[in-house]
Amino acid sequence: MMLSSLLVLFLTLQSTRGLYFHIGETEKKCFIEEIPDETMVVGKYKTQLFDKTINDYMPSSPGIGMHVLIRGPDSNVILSKTYQAEGRFTFTSHLPGEHSICLYSNTTKWFASGRLRVHLDIEVGEHANDYEQIRTKEKLSELQLRVRQLLDQVQQISKEQNYQRFREKRFRETSESTNRRVFYWAALQLVILSATGFWQMRHLKGFFEAKKLV
């Protein structure tokens, strides 16, 4: 049975994030990324194996693989693929919301050392575009490339604004639903208390009448 260690990180959109973490045998690390719809995300990772002889991390052997599993806000699998010890994965969001990015090793051969360090960089939106490659492929001038970057930034800002409106709408709907439930629960409690009080009064009245106290 795979042991899952869920690491939840709510990261600010539109920037490049770099971090590293350690995993053990059959351990999974997951990250939560809030992403607007129709937004490209690029992840780059590199693994390092711990060497007890030098008491430090060394580059991993070619036999080590890393499995990447990505789920959207509706829990549907967007990407599930095994890569090498160092690699790059790309996906595009289709729904706005929280996306789960999970990584774990696909082999236990190397776990004699017990530890594996994984360096991970996540790029979202226009930061995920390789503009040097775009300029070479489309033969753009420096000015044309800058205009292309500005247009991508404006488009991404528009996506972020739409996503923030989506979050506000979802929060408002959740708040209204919670308020309605609280109101209905309070009304139900009031009805129950009133019915209980009425029954107790009838019971006491019958008791007193039976004892001829009233």
Side-chain angles (χ1 to χ4, degrees), residues 2 4-21 23 28-46 65-84 86-104 106 118-138 140 143-181:
M2 179 171 293
S4 176
S5 174
L6 179 61
L7 179 60
V8 180
L9 298 180
F10 290 95
L11 302 173
T12 305
L13 290 170
Q14 291 308 300
S15 60
T16 302
R17 277 81 68 183
L19 65 142
Y20 73 85
F21 54 90
I23 59 174
K28 179 190 295 184
K29 292 289 185 180
C30 294
F31 303 86
I32 301 299
E33 188 83 18
E34 292 192 358
I35 306 172
D37 59 337
E38 301 303 325
T39 300
M40 185 173 71
V41 179
V42 175
K44 301 176 183 177
Y45 71 90
K46 179 179 69 173
M66 188 63 60
H67 190 87
V68 179
L69 176 64
I70 300 172
R71 294 182 182 272
D74 54 359
S75 298
N76 288 335
V77 176
I78 298 176
L79 175 67
S80 180
K81 188 176 180 180
T82 300
Y83 296 87
Q84 301 298 321
E86 182 174 353
R88 177 179 182 270
F89 59 89
T90 305
F91 71 94
T92 300
S93 61
H94 301 295
L95 293 173
E98 297 178 355
H99 289 67
S100 171
I101 304 174
C102 298
L103 297 93
Y104 58 92
N106 67 333
V118 181
H119 297 263
L120 177 64
D121 293 324
I122 299 177
E123 299 173 336
V124 180
E126 84 273 3
H127 295 279
N129 294 329
D130 188 345
Y131 286 104
E132 289 300 322
Q133 183 179 3
I134 293 174
R135 178 169 65 176
T136 302
K137 183 179 180 180
E138 301 184 10
L140 302 176
L143 179 59
Q144 290 173 324
L145 182 65
R146 184 56 183 164
V147 171
R148 174 69 176 271
Q149 290 176 314
L150 291 175
L151 289 175
D152 289 345
Q153 289 176 359
V154 170
Q155 185 180 24
Q156 194 60 37
I157 290 173
S158 177
K159 290 180 181 178
E160 287 184 28
Q161 290 176 338
N162 291 334
Y163 178 61
Q164 293 303 322
R165 283 193 288 269
F166 166 77
R167 290 186 62 188
E168 290 175 1
K169 180 182 177 182
R170 185 176 58 183
F171 178 77
R172 184 173 60 253
E173 291 174 349
T174 302
S175 299
E176 292 174 352
S177 175
T178 302
N179 291 335
R180 284 195 299 270
R181 292 181 181 181

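On a predicted model such as this, the values are computed, not experimentally measured, just so you know.
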Just verifying a value: how many Å separate Ser80 OG and Arg71 CZ, rounded to the nearest 0.5 Å?
8.0 Å
Minimum heavy-atom distance between Glu33 and Ile101, given as atom pair plus value
CB-CD1, 4.3 Å
Measuring only between side-chain heavy atoms, which start at C-beta, is Val68 closer than 4.5 Å to Tyr83?
yes
Counterpart residues, side chain to side chain contact (heavy atoms under 4.5 Å, CB included), relative to Ser75 (two or more places apart):
none
Flag side-chain contact, heavy atom, 4.5 Å: Lys159 against Thr39:
yes
Gap separating the CD1 atom of Ile70 from the CZ atom of Phe91, nearest 0.5 angstrom:
4.5 Å
Apply side-chain contact (heavy atoms from CB on, under 4.5 Å) to the pair Val41 and Thr92, showing each step before the final yes or no.
CA-CA 6 Å; Val41 179; Thr92 300; over 6 Å; no
Do His67 side-chain atoms and Gly65 backbone N/O form a donor-acceptor pair below 3.5 Å?
no
Roughly how far, to the nearest 0.5 Å, is OG of Ser100 from CD1 of Ile78?
9.5 Å
Counting C-beta onward and ignoring hydrogens, is there a side-chain heavy-atom pair between Ile35 and Pro96 closer than 4.5 Å?
no
If we only count heavy atoms from C-beta on, is the Val42 to Phe89 side-chain gap below 4.5 Å?
no
Could you tell me whether the side chain of Asn179 and the main chain of Ser175 form a donor-acceptor pair under 3.5 Å?
yes
Are Phe31 and Phe21 close enough that their ring centers fall under 6.0 Å?
yes
Is any side-chain heavy atom of Met66 closer than 4.5 Å to one of Ile23?
yes
Can you tell me how far NZ of Lys44 sits from NE2 of His119, rounded to the nearest 0.5 angstrom?
15.5 Å
Is any side-chain heavy atom of Arg165 less than 4.5 Å from a side-chain heavy atom of Lys169?
no
For Pro36 and Tyr163, which heavy atoms make the closest approach, and how far apart are they?
CB-CB, 4.0 Å
How many angstroms lie between atom CD of Gln84 and atom NZ of Lys46, to the nearest 0.5 angstrom?
16.0 Å
Any Ser93 side-chain heavy atom under 4.5 Å of Glu38 side chain
no
Can Glu34 and His99 be said to form a side-chain contact (heavy atoms from CB on, under 4.5 Å), step by step?
CA-CA 6 Å; Glu34 292 192 358; His99 289 67; over 6 Å; no
Here the gap from Tyr20 atom OH to Leu120 atom CG, rounded to the nearest 0.5 Å, amounts to 13.5 Å
Donor-acceptor under 3.5 Å (Thr174 side chain, Arg170 main chain)
yes
Find out whether Leu69 and Val77 are in side-chain contact, i.e. whether some heavy atom of one side chain is under 4.5 Å from a heavy atom of the other.
yes
